[in-house]
Amino acid sequence: MNDDKEATSSERNCSTEFQSPQQMDWIRIQDSLKRQLITEDDFKWRLPSTMMNEREKEGSNCEILLKYVGGVDLSFSKEDSSIACGTLVVLDFQTLKVVYEDSSIVRLHIPYLPGFLAFREAPVLLELLDKMKKNAHPFYPQLLMVDGNGLLHPRGFGLACHIGVLADLPTVGVGKNLHHVDGLTESRVREILRAADSPENVLPLIGDSGCTWGAAMQSSHGSLKPIFISVGHRVSLATAIETVKMTCRFRVPEPIRQADIRSRERLRNHQ
DNA sequence: GCGACAG
DNA sequence: ATCTTGTCGC
């Protein structure tokens with residue numbers, strides 16, 4: 001009766017052999033949704049031409065330029081950690097100005113568990129997207145950047161993939177911390193970055209299995225700490241990296257940074 | 001067996 | 001995720 005005040009470590013940290021029934025359900029859902037996942041470029045727009053567009057094979061088939069880039073994030077109340085503010089922003093890809101903003105303050109009943117972030121955070125964010133779509137808003141994002149990983153996930157289906165499939169939207173995952181997967185650790189990443197012959201600031205994250213899970217990128221010349229880019233849905237890793245590069249004024253790409261700032265601000269002014 | 005684990 | 005001041009640098 002009184003042993004429920006603190007979650008025991010056995011409740012939170014289950015080894016992969018012993019998942020709770022809830023987690024087994026979630027794993028089935030992730031595996032099921034993953035069958036719809038597309039990990040290559042599949043969209044009708046193109047990136048504004050930069051000087052180095054080395055991929056001109058598709059030529060000028062598409063006239064539509066990428067203009068509306070979305071970003072999503074959640075902030076949490078410090079006194080009541082179950083109170084959260086989910087925020088969706090849309091930026092003009094060229095000017096990086098915010099052209100749309102909406103947020104929703106909700107009470108979350110699902111705890112954070114590594115590997116199951118989507119079940120906690122995706123519902124609010126999908127609702128914000130849906131609201132915009134129902135209204136046929138002209139600024140509905142053509143690409144969405146998500147504060148959390150995509151393929152860089154124990155089962156290859158992180159929050160960015162989850163949102164991408166359910167909203168049927170191209171998504172890119174951006175993590176600020178590394179989720180340890182397939183032997184990838186901070187020390188391994190530091191090693192990879194240091195051992196790079198070329199002065200590249202973006203390097204692929206290749207795990208023990210030889211699988212490429214995403215890329216580590218040192219942005220904005222200031223921070224030694226990299227961000228972790230991975231494919232969400234309907235984008236290739238190359239495109240994911242390119243779009244992040246083009247929207248990075250600081251360490252975190254602008255769409256996610258603006259969602260983060262405005263989400264926190266909205267929560268402050270509400271309490 | 002123990003530790004590690006996005007936000 | 002959240003708690004927090006000054007400080008070093010472009």
inquiry  = Regarding A:N149, tell me which of base, sugar-phosphate or nothing describes its non-hydrogen contacts under 4.0 Å with the strands shown.
reply    = base

inquiry  = Quick check for you: among B:dA6, B:dC5, C:dA1, whose closest atom lies nearest to any side-chain atom of A:F76?
reply    = C:dA1

note = Side-chain contact check for A:D73: nearest option of B:dG7, C:dT2, B:dA6 is B:dG7

ask   = To the nearest Å, how far apart are A:I261 CD1 and C:dA1 C1'?
value = 16 Å

message = Just the rounded figure in Å: distance from P of C:dA1 to CG of A:L117.
response = 11 Å

task = Answer yes or no: is there a donor N or O on one side and an acceptor on the other, between the side chain of A:D92 and the main chain of A:K97, under 3.5 Å?
result = no

request  = Remember a base hit wins even if backbone is also touched, and classify A:G175 as base, sugar-phosphate or nothing at under 4.0 Å, heavy atoms.
outcome  = sugar-phosphate

query = To the nearest angstrom, how far is A:L152 atom CG from B:dA6 atom P?
reply = 10 Å

remark   = Quick note, A:H180 side chain, CB onward, closest among B:dA4, B:dG7, B:dA6 is B:dA4

ask   = If you look at every strand shown and take non-hydrogen atoms under 4.0 Å, does A:L178 touch a base, only sugar-phosphate, or nothing?
value = sugar-phosphate

request  = Provide, to the nearest angstrom, the distance between the CD1 atom belonging to A:I110 and the P atom belonging to B:dG7.
outcome  = 19 Å

ask   = Does A:R264 make a side-chain N or O approach to OP1 or OP2 of C:dT2 shorter than 4.0 Å?
value = yes

key: Whole-Å distance separating the CG atom of A:L113 from the P atom of B:dA4   = 17 Å

request  = Would you mind reading off the distance between A:D182 atom CG and B:dA4 atom C1', rounded to a whole angstrom?
outcome  = 14 Å

task = Verify the ring-centre separation between A:F139 and A:Y68: is it less than 6.0 angstrom?
result = yes

ask   = Just how far, in rounded Å, is P of C:dA1 from CD1 of A:I105?
value = 18 Å

key: Min side-chain heavy-atom separation A:T87-A:D102 under 4.5 Å   = no

query = For atom CD of A:E40, is the number of surrounding heavy atoms from other residues, nucleotides or ligands below 6.0 Å larger than 12?
reply = no

inquiry  = Can you tell me if A:N177 touches the phosphate of B:dC5, counting only side-chain N or O atoms and a distance under 4.0 Å to OP1 or OP2?
reply    = no

key: Aromatic stack A:F228/B:dA6: centroid gap under 5.5 Å, interplanar angle under 30°   = no

task = Look at all strands and tell whether A:F119 reaches a base, only sugar-phosphate, or nothing, counting heavy atoms closer than 4.0 Å.
result = nothing

ask   = NA contact type, A:S75, heavy-atom cut-off 4.0 Å: base, sugar-phosphate, or nothing?
value = sugar-phosphate

key: Integer-rounded Å distance: B:dA4 P and A:D208 CG   = 18 Å

task = For A:D42 and A:I38, indicate whether the former's side chain and the latter's backbone hold a donor-acceptor pair under 3.5 Å.
result = no

